[in-house]
There are 2 protein chains.
Amino acid sequence: MATMRDVADRAGVSIATVSFVVNNTKPVSASTRERIEAAMAELGFRRNVVARALASRRTRILALAYPALEHRLSTSAVEFITSAAREASSHDYHLVVWPVSNDSAELADLVGQGLVDGVLLMEVQLDDPRVGLLQSMGMPFALIGRTEDPTGLDYVDIDFDTSLELCVSHLWDLGHRRIALISGDQSVPSFERYGPYVRMDQAYRRIANERGFEEIVLGVRSGARYGREIATELTRIAPDVTGVVIFDEPAAAGLLAGLHTLGRRVPEDVSVVSAIAAIDQAFACDPPLTAVTAPGVELGLLAVQALVRRLEGGTPLPPQLRTGSFVLGESTAPPPASGRRRAATRRTS
Amino acid sequence: MATMRDVADRAGVSIATVSFVVNNTKPVSASTRERIEAAMAELGFRRNVVARALASRRTRILALAYPALEHRLSTSAVEFITSAAREASSHDYHLVVWPVSNDSAELADLVGQGLVDGVLLMEVQLDDPRVGLLQSMGMPFALIGRTEDPTGLDYVDIDFDTSLELCVSHLWDLGHRRIALISGDQSVPSFERYGPYVRMDQAYRRIANERGFEEIVLGVRSGARYGREIATELTRIAPDVTGVVIFDEPAAAGLLAGLHTLGRRVPEDVSVVSAIAAIDQAFACDPPLTAVTAPGVELGLLAVQALVRRLEGGTPLPPQLRTGSFVLGESTAPPPASGRRRAATRRTS
DNA sequence: CTGAAAGCGCTTACAG
DNA sequence: CTGAAAGCGCTTACAG
C-alpha cells in the first residue's frame, strides 16, 4: 500500500500538502493539486485510517452496544443494524457491534480501549446504568429508546402513544369497545423496567381513559409459545374481549395460533392488531396481521445522525420520535353481532 | 486517559518495559512487574488500541461483509452477527459490519482503508467476485457459505445434504412417497447462482434418485406472500403431493397460511417440513413447523475461529459443515389414507 | 500556497 | 531483565 510519503515524493511536495488535498483542509494551488491527484491515482493511494485516527484523535468508528440478553433481538434489529451501518458509512464512519452483557463493566472496558468516538445504545432501560457510565467517561452517545427522564440526551425512539393510538383507533372505528392490551411481561427480570413495555402500558391506560373503555392488560413473555398460552388466558379472563392489541412480535403469531386452536376465529370472533411488527412478519401470520410496523430503518438512520452531529460539533439534533406505518391485514373486522349490539347500546346511553 | 508514558513514569521504568508486561511479551522481574501493575491500577490505565494497531500493523478488527440486497437477512443473521462478535471479542478482536452492495468496488474501497485484519464474507455466490478481489488485495478472509470450488479457502457452511436428508427421511419414515421440494427461485437476478439454493436442489435430486421417488421442485421467491402463492401453484401442479420440504423461512409461514386458505389441512392432508429455519420462527407458525434449525450461532463462531487462526498463523482450520437440530413440530404426520395405500402398494411391489 | 517538525501512543528490533 | 530509539502513517499548529 502506498503511503502519503510515496505520494509526496512522486508529486514533489511535502506530505503536509498531500494531507491538505486528501482532506481538502487548506487551499492548494491548482497545479500542485493536479500533480498530487495524479500521483495518488497512479499509486492507488488510500489513506490509512488507523494512522489518521491516531494523529487526529478521532477514529471515526461508532459502536452499537446492545445487551445480548437471553431473548434474541427482534427481526427489525437487523434492519436497524444495517441502516445504522449504512448511514455511518455515508458520513465516513464505521460501525462496530458490541453485544455486551447487562454488566456495564464490560462496556467500560470496551470504551476504555479508545477505539470508538461514540456509542449507540440499544435496548435502553428506564434507569439504564450505561448512561451514567458513558457520561462519566466523557464518551458521546445516542440512545435508541430512552431513560425515564431523557432530558438533555440525544435519543430516537418509537412514538408509542401514536403507534398505539393507530391500533386502538382502528379497532374503535370498527366498533370494538372491549379492547385489551397484551404487552410484555415485566415480571421477567431483564424486563422489569423496560421502557417500551412501560410506555405502551401508559399509552394504553391513557387512551382507555380518554375513550372510556375498561382497561384489560395482560403481560406475555416474548416468544411464540407464550403467545399461544396467552390466548388461553385471555379467553379465560376476558372472554368478551373482541379487540386485542398485542405488543410482541413473536407472541403475536402465537396468539393467532392459540386462538385458532381454541376455536376462536380471527377476525370473526376476535380482532387482533400487532403494535410494532416487522412487515414481513405480519404477512407471515395466518391471517395476515393488521399491524403498525417498526420504524427500524428510520431509527437507525436518525440515531447515527444525532450521534454524528454531536461528534462534529454542530447544533445537536432534537429528540426524534417515530411511528411506523399502519398496515391493514386480515386479522381485524367489526366485532361479532353481540359485541356490536352492546357497543351500540353503550354509545346511545 | 493515562498512557504508557504515565505508567512508566509512575513505576520508574521505560515504556518498553510497560509494554512487555501489558502484552506479556518478554520476561520481567517480579518486583518490576508489581510496580508496573500497581501503577496501572492506580492510573486506571487502558492500552490505546489505535496506537497499538498502528505500531503493530495489526488492528485486531474483523469485518463482516454482507450484501445488503433487497431481501432482508433471515432471522438467524442476527444470531450470526452476535455470535461472530462475541467470538471475536473472546479473541480480543472487534467486529465491524459492512453492508456492502454487490458491487465489489465498494468492498475494495473499504479494504483499502486498512482498518481490518480480515474479512468474513456472508451470502457467498457460487462464483463470487469478492473472493478474487480479496485474494488479489492480500486480505485474509473466511467464507460463510462457499464458492463452487472452495478448495484451499477457509469456509464454514450449512451441510445441506444432511439437513435435507433429515427432512426427507422424516417424511419418508412417516410413509410419504410423493415429496416435493420448494426451494428458492433462482430466476430472481440476485439469486441466480445462489449457493444454498443450488446445493439444496442438488441434494434433493440426489436423494430422490437414491430413494426412487419422483422429483418435484418448485421455486419460490423469499417472503410470506410468495409462500401463499406457491401453495396454490403446488396444489395445481402436483395435487397428489403429500409431503413438502420448503427452504425459505418467510415463505414457509406463507405456505401454511396458503394451504389453510385452500382448505388443505396441515398435517392431515399435507405434511410440511421447513429446511433451515429459526426455531422461534417455526414455533410462530400454525401449526408449529417441523423443521431443521439454522446453525447460525455455531457458524458465526466457527467462521471467526477459522479467520483468527489464519491471522495468527496457526495451522488453518479445515472447512466446517454444520447441520442444525431436527425439531418435531405439528406440521407433519403420516400421509392421508390414499397416499398411504399407494405407498404400501409400491413398497410391496 | 507550501514545508519542516512535532506528536498521536504504542511496538519492536537492537544493545547492553 | 531493562532501556534508548526508531518507526507505524498520518494531522496540525507554526513559520514563512
Side-chain angles (χ1 to χ4, degrees), chain A residues 1-37 39-40 43-61 92 94 111-117 311-313, chain B residues 1-37 39-40 43-61 92 94 111-117 311-313:
Chain A
M1 277 277 119
T3 68
M4 274 196 182
R5 178 76 271 152
D6 301 325
V7 174
D9 290 348
R10 180 162 200 127
V13 298
S14 73
I15 61 169
T17 308
V18 176
S19 178
F20 299 155
V21 349
V22 167
N23 297 302
N24 201 24
T25 169
K26 283 202 182 172
V28 171
S29 75
S31 69
T32 306
R33 156 169 275 118
E34 261 168 38
R35 285 210 316 285
I36 291 173
E37 278 168 352
M40 291 198 297
L43 295 170
F45 171 75
R46 315 246 60 235
R47 141 143 80 3
N48 181 299
V49 297
V50 176
R52 170 165 71 153
L54 183 60
S56 67
R57 256 148 299 187
R58 312 264 276 87
T59 63
R60 302 192 78 87
I61 300 175
D92 196 23
H94 287 271
V111 168
Q113 297 185 13
L115 181 70
V116 306
D117 290 341
L311 293 173
E312 319 248 289
Chain B
M1 277 277 117
T3 69
M4 275 195 181
R5 177 77 271 153
D6 300 326
V7 174
D9 290 349
R10 179 161 217 164
V13 296
S14 73
I15 60 169
T17 307
V18 176
S19 179
F20 299 154
V21 349
V22 167
N23 296 303
N24 200 26
T25 169
K26 284 203 182 173
V28 171
S29 74
S31 69
T32 306
R33 156 168 275 118
E34 260 168 37
R35 284 211 316 287
I36 292 173
E37 278 168 350
M40 292 198 299
L43 294 170
F45 171 75
R46 315 246 61 233
R47 138 140 87 359
N48 181 302
V49 297
V50 176
R52 168 166 71 153
L54 183 60
S56 68
R57 255 148 302 185
R58 312 265 277 88
T59 63
R60 303 192 78 87
I61 300 176
D92 196 23
H94 288 271
V111 167
Q113 296 185 16
L115 181 71
V116 305
D117 289 341
L311 292 174
E312 320 248 291

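Proteins come first, then strands; the chains are lettered A, B, ... in the order of their sequence lines, and each starts at number 1.
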To the closest 0.5 Å, what do you measure between [atom1] ([X]) and [atom2] ([Y])?
X: B:His94; Y: A:Ile61; atom1: NE2; atom2: CD1; result: 8.5 Å
X: B:Arg5; Y: B:Ile15; atom1: CZ; atom2: CD1; result: 5.5 Å
X: A:Arg52; Y: A:Ser19; atom1: CZ; atom2: OG; result: 9.5 Å

Residues from residues 43-54 of chain B lying under 4.0 Å of DNA chain D - heavy atoms: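 By residue number: B:Leu54.
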Among residues 6-17 of chain A, which residues get a heavy atom nearer than 4.0 Å to DNA chain D?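 By residue number: A:Ile15, A:Ala16.
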Donor-acceptor pair, side chain of [X] and main chain of [Y], under 3.5 angstrom:
X: A:Thr59; Y: A:Leu115; answer: yes
X: B:Arg46; Y: A:Gly114; answer: no
X: A:Asp9; Y: A:Asp6; answer: no

Charged N to carboxylate O below 4.0 Å: is that the case for B:Arg47 and B:Asp92?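 B:Asp92 and B:Arg47: not salt-bridged.
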On the nucleotide D:dT11, are OP1 or OP2 found under 4.0 Å from the side-chain N or O atoms that A:Ser19 carries?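 Result: yes.
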Under 4.0 Å from OP1 or OP2 of D:dT2: is there any side-chain N or O of B:Ser29 that close?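 Indeed, a polar side-chain atom of B:Ser29 lies that close.
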Please report, rounded to the nearest Å, how far the [atom2] atom of [N] is from the [atom1] atom of [X].
X: B:Arg57; N: C:dC10; atom1: CZ; atom2: C1'; value: 12 Å
X: B:Asn23; N: C:dC10; atom1: CG; atom2: C1'; value: 9 Å
X: B:Arg5; N: C:dC10; atom1: CZ; atom2: P; value: 11 Å
X: A:Phe20; N: D:dT12; atom1: CZ; atom2: C1'; value: 7 Å
X: A:Met1; N: D:dC10; atom1: CE; atom2: C1'; value: 16 Å
X: B:Ile36; N: D:dT2; atom1: CD1; atom2: C1'; value: 10 Å
X: A:Leu115; N: C:dC8; atom1: CG; atom2: P; value: 20 Å
X: B:Lys26; N: D:dC1; atom1: NZ; atom2: P; value: 11 Å

For B:Thr32, answer base if it contacts any base atom (sugar-phosphate contacts may also be present), sugar-phosphate if it contacts only those atoms, and nothing otherwise; contact means non-hydrogen atoms under 4.0 Å.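 Here B:Thr32 touches the backbone only, sparing every base.
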On a heavy-atom basis, which atom in B:Ser14 and which in B:Ala8 lie closest, and how many Å separate them?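 Heavy-atom minimum between the residues: C-CB, 3.7 Å.
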Watson-Crick/G-U partner (both atom distances under 3.5 Å) of D:dT2: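 D:dT2 is paired, partner C:dA15.
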Within a strict 4.5 Å, meaning less than it, do heavy atoms of the A:Asn24 and A:Arg33 side chains meet?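 Sidechains of A:Arg33 and A:Asn24: in contact.
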